Amino acid sequence: MFLQQLINGLTLGSTYSLLAIGFTLVLGLLQMLNIAHGDVFMIGAFLGLTFSLLGMPLYLALILAMIGAGLLAVIIERLCFRPLRKAHFLMPLLSTIAFGILLQNVATQMWGSEPSRYPQTMEIAQFHLGSVQISSIDIIILVVSLGFMIGIDLFVRKTRFGRAMRATSEKPQTASILGVDVNMVIIVTFFASGALAGIAGVLTALVYLQITPFIGIRQGLIGMVAMVIGGVGSLRGAMIGGLMIGIIEIMNDAYFTASYRDIILFGLFFVFIVFKPEGLFGAKER
Amino acid sequence: MLEIKNISKSFGGLMALRDISLDVAERQIYGLIGPNGAGKTTLFNLITGYYPATEGAIRFFGQEITGLRAHKIARLGIARTFQNIRLFGTMTVKENIQVAQNIHARSGVSSLFQMYSARERRLRQEADELMNRLGLWEKRDEQSPSLSYGEQRRLEIARALALKPKLLLLDEPAAGMNEAESADLLERIRELRETGITVLLIEHDMKVVMGICDRIAVLSFGELITQGTPEEIQANDAVIDAYLGREDD
Amino acid sequence: MSVYMQGIVALMGVNILMALSVYAMITTDQVSLGNAGFMAIGAYASAYLTVKVGMPILPALLSGAFLSFIIGIGVGIPALRLEGLYLVMATFGFGEVVRTFFLNFEPTGGAYGFRGPMGTTLLLIYGWVFSMVLLFWLLSHSRMGRSLDAVRDDPEVASSIGLNVTLLKLGTFGLGAFIAGAAGGLYAHYMFYIESNNFNILVSSMAILYVILGGMYTFWGAILGAVIFSILPELLRFMADWRLSFYGAILVVMIILRPYGIITRPMVKWVENWIGGLFTRTGP
Ligand SMILES: Nc1ncnc2c1ncn2[C@@H]1O[C@H](COP(=O)(O)OP(=O)(O)OP(=O)(O)O)[C@@H](O)[C@H]1O
Ligand SMILES: [Mg+2]
């Protein structure tokens with residue numbers, strides 16, 4: 001039973017991790033929050049739905065949704081961040097809140113505010129390992145999200161471009177003097193954060209089977225919680241933070257009462273920011 | 001009036017100040033000199049309560065002030081200026097001075113209705129006098145960032161004086177001023193002594209320090225090398241090695 | 001006045017109070033993305049008092065606002081350790097805790113919401129608005145107002161001139177919580193029905209937006225922002241279903257074009273001098 005919950009927690013948590021990574025990439029680079037991140041997740045889910053309804057297989061819908069969400073994040077960068085790079089730190093925060101309102105409204109117009117049913121494009125198999133039951137959907141979610149997490153981690157640590165990203169987030173001036181194309185780094189970072197949110201959107205939709213234009217609100221906020229608990233600016237922190245939140249959430253629902261779930265999560269978030277702002281894995285400095 | 005007893009301060013591993021003891025008597029101009037990074041500003045920050053001392057005690061008129069919060073220390077009568085000018089950027093010259101008078105005004109909730117009281121009139125008069133005294137009268141309604149460098153330094157002093165301090169800490173007040181401006185400033189600092197204010201002065205220009213100070217302490221790498229009258233300091237070999245020697249070449 | 005107009009004007013008053021609650025905190029450089037939480041506390045507490053206890057509306061509003069103030073001080077103390085984005089995130093976390101608390105708190109209806117509070121009149125709302133405007137006007141012309149400016153400009157220097165920065169920050173945070181609590185009470189007793197989702201992050205964000213877009217260095221900016229953005233959605237009614245998209249787009253454009261707000265302090269001073277001139281120039 002406990003093992004079963006643990007696996008459910010990891011499955012849920014891995015989608016939170018994908019969102020938390022997006023938050024942390026942008027925050028690490030620009031010291032700014034993209035509140036519309038949850039809505040990019042939502043648009044990703046709807047793109048996946050649309051492509052699936054066109055009869056595409058899951059992997060293709062997933063890739064296209066990922067690209068679409070990535071491009072959307074790049075648009076957000078152009079509109080809500082770039083013109084405001086020198087403004088008060090609240091301005092981009094507010095402009096992304098406004099942009100989130102816009103995205104929710106657009107989605108309502110395109111797909112309706114009633115829950116949309118996600119089409120089943122594949123057979124769901126159930127596997128039994130002793131007392132633990134795991135579905136093919138769970139396996140897909142775990143494999144895809146863990147794959148992308150490892151991928152982005154390797155990308156940032158091992159490639160030239162990844163090094164440029166880290167240099168830019170540590171010392172933007174120095175990086176640009178050293179010949180790093182800072183704007184390019186920012187665009188790629190936003191694309192990556194959006195793409196991961198898009199994947200998370202499709203994967204989450206596979207579990208819940210129905211989606212609304214407002215699913216991004218809570219999900220985005222939880223991604224932010226996961227980022228803070230893991231440690232702002234830390235990629236691995238975001239991953240572990242997301243998995244932890246998923247496990248806490250499932251365990252809470254299983255052994256405690258589901259109604260207190262968000263009080264616990266947001267309470268934890270508050271306590272972390274006040275007393276341990278560097279999170280579990282972040283640098284002490286802020 | 002100000003007794004510094006065996007003060008030490010470390011930042012992580014770095015000993016910024018090591019076992020410093022000083023006595024400043026009333027109505028002195030007390031000079032604090034030493035090469036860059038010697039710990040002079042750090043000493044100011046300890047006196048004014050910006051951070052706690054690692055060891056030692058500071059007393060002001062016999063009262064222990066180590067560990068008091070910065071605003072309490074200011075209210076006891078210790079005012080300061082900053083090495084890198086720090087004015088209130090959204091305020092005019094006059095407002096910068098007025099806000100520093102608040103500890104002498106009713107600044108609580110009742111101040112909302114005190115705009116025209118006798119006390120207010122007197123404070124306004126005092127602010128006007130201060131602006132006149134430091135040559136800022138013409139600029140009284142200008143925003144502080146629009147002032148020239150020298151004017152900004154003088155405004156910082158005026159703001160500190162608005163607290164009516166007994167002890168004034170000046171951190172390189174003449175830095176960046178031209179010859180005439182800094183001579184003028186020295187004259188005003190001398191006048192301060194006449195009004196009963198004690199001054200602790202950090203200054204790099206040796207001519208200035210020797211000319212104006214009653215006593216001088218020399219810091220180097222966080223240690224107090226020596227203290228004494230300007231004549232004694234000029235004759236001290238250790239000082240010449242640590243400081244003057246470097247200045248000469 | 002038509003019922004429709006009354007509704008707009010009433011909610012505008014509530015929005016003005018919410019903007020002023022954010023403004024109170026911003027006077028000492030504290031940005032809160034949790035004021036909907038304080039609003040909820042004032043709303044539920046005062047509604048409980050009038051509906052379940054039978055208290056008259058005015059003392060109930062005051063009690064709700066006072067409770068919000070107390071909780072505001074409780075949140076304000078740990079918030080003193082934070083600045084910038086971290087304070088924004090912490091207060092947001094607080095707001096969500098409050099919202100989910102009321103979503104599950106049975107004595108005030110939980111997920112079903114709370115029915116019954118009534119009695120808010122336009123006069124009552126604008127009585128509060130007027131009192132708060134008076135308060136901020138007095139503040140902006142007083143020594144205390146200067147002290148707050150000093151804390152906002154440079155808290156370290158403010159303490160070097162003898163100002164108790166901790167107390168000023170805590171006081172303005174508490175004041176902001178109080179005003180938001182009052183706004184919540186007025187809102188509840190106007191709507192007859194409240195549910196936890198009336199106090200979500202969007203409400204907190206909009207309150208900040210009013211202040212920032214109106215101009216964060218004077219309370220007139222907060223008021224103007226609240227007025228404009230309470231009327232704008234109504235003007236956009238012709239856009240029907242696309243209204244919110246357009247609204248969001250306008251906000252984004254305004255933020256980009258006017259990142260320092262509409263009203264600035266020199267503007268206020270200029271207008272005040274001009275008005276003052278009208279009175280002094282009445283010679284022969
Ligand atoms: N807040 C701090 N944290 C860490 N180290 C500090 C801090 N403040 C000062 N230091 C260090 O303490 C030493 C003394 O610095 P301080 O500013 O007191 O020197 P100073 O004598 O005023 O020099 P200058 O003439 O350049 O102003 C320096 O090595 C400095 O780097
Ligand atoms: Mg110094």
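Worth saying up front: this structure is predicted, and the values here are computed from it rather than measured. So that the names make sense, note that chain A is the first sequence line, chain B the second, and so on, each numbered from 1. Both backbone and side-chain heavy atoms feed into the values below; hydrogens, waters and symmetry mates do not.
For C:Val31, the part lying under 4.5 angstrom from a heavy atom of chain A is the side chain only. Contacts between A:Val228 and chain C at a heavy-atom distance below 4.5 Å involve the side chain alone, from C-beta outward. Within the 4.5 angstrom heavy-atom criterion, only side-chain atoms of C:Met216, from C-beta onward, approach chain A. Of the atoms belonging to A:Gln104, not a single heavy atom falls under 4.5 Å from chain C. Heavy atoms of A:Leu103 lying under 4.5 Å from chain C are absent altogether. Looking at A:Leu94, the atoms closer than 4.5 Å to chain C (heavy atoms on both sides) sit in the backbone and in the side chain alike. Only the side chain of C:Ile201 comes within contact range of chain A, judged by heavy atoms closer than 4.5 Å. Contacts between A:Ile263 and chain C at a heavy-atom distance below 4.5 Å involve backbone atoms as well as side-chain atoms. Heavy atoms closer than 4.5 Å to chain A are found in the side chain of C:Leu202, but not in its backbone. Contacts between A:Leu33 and chain C at a heavy-atom distance below 4.5 Å involve backbone atoms as well as side-chain atoms. The part of A:Leu93 that comes within reach of chain C is its side chain, from C-beta onward, which places non-hydrogen atoms under 4.5 angstrom from that chain.
The shortest side-chain heavy-atom distance between C:Tyr44 and C:Phe105 does not fall under the 4.5 Å cut-off.
With sequence neighbours excluded, the residues forming a ring pair (Phe, Tyr, Trp, His ring centres under 6.0 Å) with A:Phe81 are A:Phe190, listed by chain and number.
Salt-bridge annotation for C:Lys169 and C:Glu83: absent, with no side-chain N of the basic residue lying under 4.0 Å from a carboxylate O of the acidic one.
No donor-acceptor distance shorter than 3.5 angstrom exists from the side chain of C:Asn104 to the backbone of C:Ala111, with no hydrogens or angles considered.
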> Which is it for A:Arg218 and A:Glu249 under the salt bridge (Lys or Arg N to Asp or Glu O under 4.0 Å) test, yes or no, and what are the steps along the way?
Replying inline: CA-CA 13 Å; A:Arg218 177 176 183 273; A:Glu249 183 172 329; 3.3 Å; yes
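The environment of OH in C:Tyr112 is sparse: at most 12 heavy-atom neighbours from other residues, nucleotides or ligands sit within 6.0 Å. Heavy atoms from other residues, nucleotides or ligands lying under 6.0 Å from CZ of A:Phe89 number more than 12.
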